[in-house]
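From a predicted model like this one, the values you see are computed outputs, not experimental measurements. The analysis underlying the following values was restricted to heavy atoms, covering all of them including side chains, and did not include hydrogens, waters or symmetry mates. Lettering of chains follows the sequences in order, A, B, ..., and the numbering in each one begins at 1.
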Protein chains: 2
Amino acid sequence: MEIDNPAPPIAGQSPVTLRTLADRLGLHVSTVSRVLHAPPDEQLRAASKATVQRIRALADELGYRPNPHATSLRTRRSNLVGVLVPRLSDIVLATIYEGIEESAAEHGLSTFVTNTRDVPDVQRARTEMVLDRRVDGMIFGDAYVDGAFLDRVAARNVPFVLVSRRAGAHVSVTCDDYAGGRLAAEHLLSLGHRSVAVIAGEPYASTGIDRTAGFVDTFAEAGIEVPTGRIRHSRFDARGGRVAADDLLSTELGGDRPITALFAVNDFAAIGVLGAARDRGLAVGSDLSVVGFNDTPLAAELPIPLTTVRSPMRQMGRRGLELLVRRMQGEPVESERLAPALMVRATTGGAPGRKPGNGGPKAPAR
Amino acid sequence: MEIDNPAPPIAGQSPVTLRTLADRLGLHVSTVSRVLHAPPDEQLRAASKATVQRIRALADELGYRPNPHATSLRTRRSNLVGVLVPRLSDIVLATIYEGIEESAAEHGLSTFVTNTRDVPDVQRARTEMVLDRRVDGMIFGDAYVDGAFLDRVAARNVPFVLVSRRAGAHVSVTCDDYAGGRLAAEHLLSLGHRSVAVIAGEPYASTGIDRTAGFVDTFAEAGIEVPTGRIRHSRFDARGGRVAADDLLSTELGGDRPITALFAVNDFAAIGVLGAARDRGLAVGSDLSVVGFNDTPLAAELPIPLTTVRSPMRQMGRRGLELLVRRMQGEPVESERLAPALMVRATTGGAPGRKPGNGGPKAPAR
DNA sequence: CTGAAAGCGCTTACAG
DNA sequence: CTGAAAGCGCTTACAG
């Protein structure tokens, strides 16, 4: 069904150029360009009122759209921003990117995004690809906390900012992850939990590192040490959470006091924890409390709604783009940390008594 | 920490042009262009062996990278593909896009993607934006089944293909959603379910329409009619699924036989169903069976692993891009439907006896 | 085997 | 108020 369609042509892809307009109007292309290019208030300086009107009328009629390649070539600005994320299929990054895109559209910028899967070689290759496209700036959502690679990017004078994860002294917009970890800890402490563990995410991501640190420090201030063996790295997805939780919940047979609460630095990992708990016959919210992070839309809709720390994902993206724009204009900008918020739901409850876990040897009171 | 860094400059963003190379080598830019542009096997025709070597050596040394804006302007090809999706924060679309991107990279194409939220005005505006960028082709993941808007795009001679959803006679790569609906129905029939309902997704999306049709037709063939009142449209997320399930599970108080199984055309909607079931004290897998669609990674990791119909999301994206490439080369291409697969897990079980549902009036045997 | 020319579509001082 | 020129960086027939 190739269509013969009387609808008005939607503009774009048209062969109408400045030359087309100029010729039809008996003007020079430079005049047309000046008029079409000037902001509305300056158009009077660009040409006579009558000329301006004629030009604009014809441009509208023919659906003139400037060729961005020609403009970019000439002006050396592409109005393009390149965005790197570990994976768009992670809803956290996808939501951050939606914020970036929204804000970019408001600034007349186009974005393009690419997945690096947190693989350094891919990060390098995609950065090259993005730079080859002559973007005006970049946003990295996949920073390794050491920042070595980003140091090299900075050396090339490409303006960029980080979102979601911080690294070295590079400008970043993150959630205040440390504060978020504290919120989770304070909540569990207030419920009487003393024997807890952390599913900490990937070791190279500041998100997991800072959330874990805030959590552990808060317990330490309450006089409770979270043993190293109870902090497990993991992938940032449900399977990663389940694997880590299986691990933590079975090694506790070794004699420690049983774990009564688990903090997962990511909602999806927390969902994996829920599965591991169920497999062991632990009732979530009573036998075992679980706290996640991010408050993804799923959290509130789970059969047992998930207690979690909300991070302003979309806002992080919006703000990251805004800082980038300021940076591209040469302004100095500083890193920002957006406030998290605790969302108490059904996966957390009072710490159970000191009964030992599911059939293991009795844990000695410490 | 602005870095003074002895690392070798990563290529890109460099001011090195063909002219730079030509001047340093005492050659004409056209010679340099020819050599750098020709495929390796044809370079002998482009210049002498020695010249070729000198050019390539210097290009490598200086990190020459062609300016894509100049190339696009001159060749009228941008090597850019524009992709429209409802929302990247839907893991289904994000995964399809990952497939598109992967395949595009293999074809030397860059993609850029934008969210339209299934809002027609936004679809139009974003299409314009993408076309203004002079893409060589487009992929739509947000088609309305009627295809009216796409007819107008087709009239402009932009090569495009659809993924995920079909529309009109436009070329698309979809899951065989009708077959997928049949798989879900056959599974439930084999378990003895006779009183079922469907959470059908948005009315404009072929995915939900076809999955529902396959399901309903299969029940009809078994002599069982699924009443219209038991087919509910919904958003494609957990909240949408919960709302629709709440609705279905409470109206059944009206006197019908109680629903023993629910088919949600999307895993996230199915998760919402799980929540609604729990709220009513229904045991999923015994009191109520639930089947989802897509087999997103979360499905297998849920506390009660979800029975669902797997759709080849990434593959759909890859294949969509491949068809687009063929289309851009002027080859005729046909729509494709990729095979779904049933994944039986724990949310489905034998139909319970004819006891009435949670406290409602007894349902008359039909 | 290599060079010279033309031109893709735009913008931007500079003249007048 | 408008025009003419130059040039952004590339590619592609065409000559020789």
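Side-chain contact, B/Thr95 with B/Arg314: no donor N or O sits under 3.5 Å from an acceptor N or O. Side-chain contact annotation: A/Arg134 with A/Ser78, donor-acceptor N/O pair under 3.5 Å absent. A donor atom on one side chain and an acceptor atom on the other are not found under 3.5 Å apart for B/Thr17 and B/Tyr64. Side chains of A/Tyr204 and A/Asp146: no donor on one and acceptor on the other come within 3.5 Å.
Between B/Thr75 and the phosphate of D/dT11, there is no side-chain N or O to OP1/OP2 separation shorter than 4.0 Å.
Across all strands shown, D/dA15 forms a Watson-Crick or G-U wobble pair with C/dT2, both key distances being under 3.5 Å.
With hydrogens and angles left out, the side chain of A/Arg76 and the base of D/dG9 share no donor-acceptor pair within 3.5 Å. Not a single donor-acceptor contact under 3.5 angstrom links the side-chain atoms of B/Arg74 to the base of C/dG9.
In this structure, A/Lys49 atom NZ and D/dT2 atom C1' are separated by 19 Å, rounded to whole Å. Residue B/Tyr64 contributes atom OH, which lies 7 Å from atom C1' of D/dC10 at whole-angstrom precision. If you take CZ of A/Arg34 and P of D/dT2, they are 9 Å apart, rounded to a whole angstrom. Atom CD of A/Gln53 is separated from atom P of D/dC1 by 14 Å (rounded to the nearest Å). Atom CZ in B/Arg134 sits about 21 Å away from atom P in D/dC10, given to the nearest Å. If you measure from atom CZ of A/Arg19 to atom P of C/dG9, you get 10 Å, rounded to the nearest angstrom. Computed from coordinates, the B/Leu73 CG to D/dT12 C1' distance equals 14 Å when rounded to whole Å. Summarising the geometry, the separation between CG on A/Asp132 and C1' on D/dC10 is reported as 15 Å, rounded to the nearest angstrom.
Closest to the side chain of A/Leu27, from the set D/dC10, D/dT2, C/dG9, is D/dT2. Checking C/dT11, C/dC8, C/dC10 against every side-chain atom of A/Ser33, the shortest atom distance belongs to C/dT11.
B/Ser30 comes within 4.0 angstrom of a nucleotide base, judged by non-hydrogen atoms across all strands. A/Thr51 comes within 4.0 angstrom of sugar-phosphate atoms only, judged by non-hydrogen atoms across all strands, and of no base.
Between B/Arg156 and B/Glu128, at least one side-chain nitrogen of the basic residue sits less than 4.0 Å from a carboxylate oxygen of the acidic one, meeting the salt-bridge criterion.
Sequence order on DNA chain C of the closest nucleotides to B/Ala70 and B/His28 puts B/His28 first from the 5' end.
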